[in-house]
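Everything on this sheet refers to the single structure shown next.
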Amino acid sequence: MNEHDRSRTPYVPNETQHPWRRFVALGDSFTEGIGDPDPNHPGVHRGWADRVAEVLASQVDGFAYANLAVRGKLIAQIVADQVAPAVELRPDLISICAGGNDVIRPGTDPDDIAGQLEAAVVDLAATGAAIIVFTGIDTNFTPVFRPFRGKVAIYNENVRTIADKYDCIVADQWALKAVQDARFFDDDRLHYNALGHHEIARMVLRALNVPNDLLPMQPDPLPQRSWREARAEDLSWAREHLVPWVLRRLRHQSSGDNIVPKRPEPLPVSLHEAPDAAQPGEHTTP
């Protein structure tokens with residue numbers, strides 16, 4: 001197996017306990033968990049990182065987890081605001097997913113964005129922690145973001161090159177075909193919903209070679225809609241989500257303005273009694 005293939009980390013059954021005791025997650029809305037509201041804590045979003053932390057915590061004693069991610073942040077903001085605090089927390093497992101908000105901005109350069117990611121990885125790698133990096137999703141399935149598919153692909157190859165160079169673990173969203181489906185996304189069509197975050201958690205645990213009981217989930221069948229109903233839904237989405245997003249870009253505003261990290265310190269993890277984690281229920285396929 002060559003170095004490039006090794007970075008993609010195929011699943012290998014692991015009969016021993018995972019080695020990590022302190023997990024710190026960095027990033028934007030994807031890692032904060034936007035689109036996956038926690039029913040037990042109003043106003044808080046759960047997300048894939050919380051789900052991964054719950055599995056890791058269930059398998060070892062003394063596990064702690066911090067999440068520094070804030071919605072809407074560009075990669076320069078993530079590097080400036082989250083990398084140094086993450087290093088100070090002395091983690092042995094770090095995830096960083098950054099650059100997605102930059103890639104989908106017109107006129108940005110995926111090579112430049114990747115250079116900023118590499119600078120962050122250099123500082124994080126100095127801790128000796130295992131580092132998880134993410135490729136971007138293949139946007140071919142969504143008309144709104146399909147024009148950025150080429151930029152995402154270029155950025156992904158840069159991410160894989162960085163992973164090879166610094167021995168990172170790659171969580172490969174591009175290859176995760178199951179989530180390339182509107183039913184795995186929130187109503188804003190930008191953030192994963194609970195189904196999507198669940199599948200990302202399964203993918204990350206697979207990349208880490210951590211056994212778990214999370215089962216694949218099957219969304220409800222697509223509703224039957226006429227062309228007129230579909231267009232009316234598109235117009236409603238544009239008014240509610242697209243126009244505000246564009247206006248924030250024009251005003252140099254962010255959905256993360258005045259938002260603080262939801263979990264700035266490494267804390268013990270309370271296991272979440274969610275139906276998709278223990279008893280999958282009606283949305284689960286065997």
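Each residue takes its place number in the sequence, starting with 1.
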Any side-chain heavy-atom pair from [X] and [Y] closer than 4.5 angstrom?
X: N158; Y: D111; value: yes
X: H45; Y: R71; value: yes
X: L56; Y: L205; value: yes
X: I94; Y: T127; value: yes

Determine the minimum heavy-atom distance between I132 and A171, stating which atoms define it.
-> CG2-CB, 4.0 Å
Looking only at heavy atoms, which two atoms of G47 and D36 are closest? And how far apart?
-> N-OD2, 2.8 Å
Using 30° and 60° as the class limits, which term best fits the ring planes of H18 and F63: parallel, tilted or perpendicular?
->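 Perpendicular.
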Would you say Y65 and V210 are hydrophobically clustered, going by side-chain heavy atoms of ILVMFWY under 4.5 Å?
-> yes
If you group Ile, Leu, Val, Met, Phe, Trp and Tyr by side-chain heavy-atom gaps below 4.5 Å, do M203 and F23 land in one group?
-> yes
Run the side-chain donor-acceptor check on residues 115-125: report pairs under 3.5 Å with partners two or more places apart or on a different chain.
from: Q116; atom 1: NE2; to: D112; atom 2: OD2; distance (Å): 3.3
from: E118; atom 1: OE2; to: K165; atom 2: NZ; distance (Å): 3.0
from: E118; atom 1: OE2; to: Y166; atom 2: OH; distance (Å): 2.7

So with a 6.0 Å cut-off around CZ of R146, is the heavy-atom count from everything else above 12?
->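 Buried by this count: over 12 neighbours within 6.0 Å.
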Picking from L68, D92, V87, I96, what satisfies side chain to side chain contact (heavy atoms under 4.5 Å, CB included) with V24?
-> L68
Ion pair present between E54 and R51, side-chain N to carboxylate O less than 4.0 angstrom?
->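 Salt bridge absent between E54 and R51.
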Between D50 and K262, is the closest basic N to carboxylate O distance under 4.0 Å?
-> yes
Would you please indicate if the ring centroids of F141 and F185 are separated by under 6.0 Å?
->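 Aromatic pair counts; centres sit under 6.0 Å.
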Taking atom CZ of F30 and atom CD of Q173, what is their separation to the nearest 0.5 Å?
-> 4.0 Å
Separation between OG1 (T139) and CH2 (W174), nearest 0.5 Å, reads 6.0 Å
